[in-house]
Protein chains: 2
Amino acid sequence: MRSVAPIADRSASKSARTRQRIVDAAAAAFRRHGYASVTLKDIATRAGLQAGSLYYHFDSKEDLIDAILSAGVDAAITATRDAVEALGPGADPVARLRAAIAAHVRVVLSEESHASANLRILGQLPDAIRERHLKQQRAYGAFWAALLRDAARAGAIRDDLDLSVVRMLTLGALNWTTEWYRAGRCSPSEVAAHAATMILDGIVRGASPRRRRG
Amino acid sequence: MRSVAPIADRSASKSARTRQRIVDAAAAAFRRHGYASVTLKDIATRAGLQAGSLYYHFDSKEDLIDAILSAGVDAAITATRDAVEALGPGADPVARLRAAIAAHVRVVLSEESHASANLRILGQLPDAIRERHLKQQRAYGAFWAALLRDAARAGAIRDDLDLSVVRMLTLGALNWTTEWYRAGRCSPSEVAAHAATMILDGIVRGASPRRRRG
DNA sequence: ACGGGTTTCTAACAGAGATTAGAAACGTGC
DNA sequence: GCACGTTTCTAATCTCTGTTAGAAACCCGT
């Protein structure tokens, strides 16, 4: 029997800790090599186990993927919403957008969260798995749509734009960072700042009024 | 023996035409399903052949991938450079950027070119294959770097930005369109226009001086 | 030290996919 | 109608991966 497997903390059962180790190993492998080239043997080795032992913790490879996908989107949702809400209820909608952009970049580039592995393999999953997680992703998309809508209603956004296209382009710029960002040359925060400037104010010289961060 | 296989046109040998059919089928499959979930049998079926017959035209699956990758980056390079050069030598550097953005989006969203398949599978390839094509991709990156550098030298770009970060964020926004764009709701040109506006001028209301297209 | 539940290992199986060799079919100039 | 080079098919091989069953090792309270 498999244990109930709550989120693993220090006091958790051995099983829960091993399970977490497996998820981490898998996420790390996926982040580096994509979905299909990673084998259960790879994951097990990284986690210090034999391939067959994974089946004590997960019913199948798909089950393992599911765990990572959920954790990843969850991390993004939580991080972004917290960052926005930390500004308080009456905050400037552009400042809220800036906070969301920064939070998204940070979580996507962090190694601990599984958001990066998530993005990396999203496009590679069999349709069956992807559909199982569509709802969660839609929720995240709706969150961003609301951010943009509020900003537009406040008159902060130019009115010649289709907000859903803007949203996809924005998230694209942010998500793609996982493909090229390597620690060292510049920090995730710097990337986030660049992204916010570019998306909100544009790269062309010529003052757009809002430049300071909230 | 395999024939020399030039680019296939109508007058080409039967072999060359079949080869092209295979490449097209493979690119279409990759664009839809990613790299590893596409089997040689799938590709062969789409091309109207048996799996084994592919080996008359390609030495291996990797060889086939290589053909698609080269064609894809080639298409992007050609399309973008042509669009920029069509503006003439003395064109406004921001207009050149706008043209490059539009051309990149168009080629990436076109079904015929293999650029979309290319992007889709880039992150999923075994390292060996990817490294073989790094040089070509670097060349494309250098082209964009030059576009941005010229614009910056002309004083058209705000000076608080790291241009290589801007470049990656920009290409990210454009490349990610392959993940969400579906024909119907709006045209690739509209997406391109939104991307250019967002990247160059920002989405926040408040006049940035350059809005008209070249 | 013992016993029972928990966790991991070992050694297999089944299926799929890339690849190959050789046979068949095709097409074309004579 | 034939011979020969080209193109495709068929059937088999070989390797790899997910998966499973059962044996071993581990852990811990008594």
Side-chain angles (χ1 to χ4, degrees), chain A residues 1-6 8 10-26 29-30 32-68 121 124-129, chain B residues 1-6 8 10-26 29-30 32-68 121 124-129:
Chain A
M1 277 305 124
R2 190 162 102 225
S3 61
V4 202
R10 292 107 194 99
S11 67
S13 68
K14 175 173 187 181
S15 171
R17 273 180 285 121
T18 304
R19 185 187 155 97
Q20 187 62 40
R21 204 154 26 92
I22 294 170
V23 171
D24 291 343
F30 287 144
R32 294 186 65 80
H33 301 112
Y35 171 64
S37 34
V38 174
T39 140
L40 286 187
K41 196 173 170 186
D42 294 337
I43 297 172
T45 304
R46 267 174 193 267
L49 297 174
Q50 294 300 108
S53 308
L54 299 181
Y55 284 81
Y56 178 75
H57 301 274
F58 297 92
D59 292 339
S60 66
K61 192 180 183 184
E62 287 203 1
D63 194 23
L64 172 52
I65 306 283
D66 282 344
I68 293 175
I121 64 179
Q124 317 175 25
L125 296 173
D127 293 344
I129 303 183
Chain B
M1 278 307 122
R2 189 161 104 227
S3 60
V4 202
R10 292 105 193 101
S11 67
S13 67
K14 174 172 190 185
S15 171
R17 273 181 286 120
T18 304
R19 185 187 155 97
Q20 186 62 40
R21 205 155 25 93
I22 295 170
V23 171
D24 291 343
F30 287 143
R32 295 185 65 81
H33 301 111
Y35 170 64
S37 35
V38 173
T39 137
L40 285 187
K41 197 173 169 185
D42 294 338
I43 297 172
T45 304
R46 266 173 193 268
L49 296 174
Q50 294 300 106
S53 308
L54 299 181
Y55 284 81
Y56 179 76
H57 301 275
F58 297 92
D59 292 339
S60 67
K61 192 180 182 184
E62 287 203 1
D63 194 21
L64 172 54
I65 306 284
D66 282 345
I68 294 174
I121 64 180
Q124 317 176 26
L125 297 173
D127 294 344
I129 304 183

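Note: hydrogens, waters and symmetry copies are ignored here, and every other heavy atom, side chains too, is used.
- Partners of A:Gln50 by side chain to side chain donor-acceptor pair (under 3.5 Å), not counting sequence neighbours: none found.
- Atom CG of A:Leu64 sits about 5.0 Å away from atom CZ of A:Phe58, to the nearest 0.5 Å.
- We find the CG-CD1 distance between B:Asp66 and B:Ile129 to be 6.5 Å, quoted to the nearest 0.5 Å.
- Remark: A:His33 engages A:Ser37, A:Val38, A:Arg46, B:Asp127 in a side chain to side chain contact (heavy atoms under 4.5 Å, CB included) (not counting sequence neighbours).
- Rounded to an integer number of Å, the gap from CG of A:Leu64 to P of D:dG18 is 10 Å.
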Distances under 3.5 Å between nitrogen or oxygen atoms of protein and nucleotides 22-25 of chain C:
none

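- Note that OG1 of B:Thr45 and CG of B:Leu40 are 10.5 Å apart. Values are rounded to the nearest 0.5 Å.
- The interatomic distance linking A:Ile65 (CD1) with D:dG18 (C1') rounds to 12 Å, in whole Å.
- By the side chain to side chain donor-acceptor pair (under 3.5 Å) test, A:Asp42 pairs with no residue at all, sequence neighbours left out.
- Expressed to the nearest 0.5 Å, how far CD1 of A:Ile121 lies from CD1 of A:Ile65 amounts to 5.0 Å.
- Both the sub-6.0 Å distance and the 45° axial angle are not jointly satisfied by A:Lys61 relative to the ring of A:Phe30.
- Using a 4.0 Å cut-off, some side-chain N or O of B:Ser53 falls inside it from OP1 or OP2 of D:dC9.
- To the nearest angstrom, C1' of D:dG18 lies 13 Å from CD1 of A:Ile129.
- Summarising the geometry, the separation between CZ on A:Arg19 and P on C:dT7 is reported as 12 Å, rounded to the nearest angstrom.
- Every side chain to side chain donor-acceptor pair (under 3.5 Å) that B:Arg21 has, sequence neighbours left out, goes to B:Thr18.
- The distance from atom CG of B:Leu54 to atom CG of B:Leu49, rounded to the nearest 0.5 Å, is 6.0 Å.
- Listed in residue order, the members of residues 42-51 of chain B having a heavy atom less than 4.0 Å from DNA chain D are B:Leu49, B:Gln50.
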For nucleotides 11-18 of chain C, give me every protein contact, N/O to N/O, under 3.5 Å, one pair per line with atom names.
unit_1 : atom_1 : unit_2  : atom_2 : d
C:dA18 : OP1    : B:Lys61 : NZ     : 3.1
C:dA18 : OP2    : B:Thr39 : OG1    : 3.2
C:dA18 : OP2    : B:Leu40 : N      : 2.9

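- Residues passing the side chain to side chain contact (heavy atoms under 4.5 Å, CB included) test with B:Ser60, sequence neighbours excluded: B:Glu62, B:Asp63.
- Per the geometry, CZ belonging to B:Arg17 stands 16 Å off P belonging to D:dT6, to the nearest Å.
- At whole-Å resolution of the value, OH in A:Tyr56 and C1' in C:dT7 are 6 Å apart.
- Using a 4.0 Å cut-off, some side-chain N or O of B:Thr18 falls inside it from OP1 or OP2 of D:dT8.
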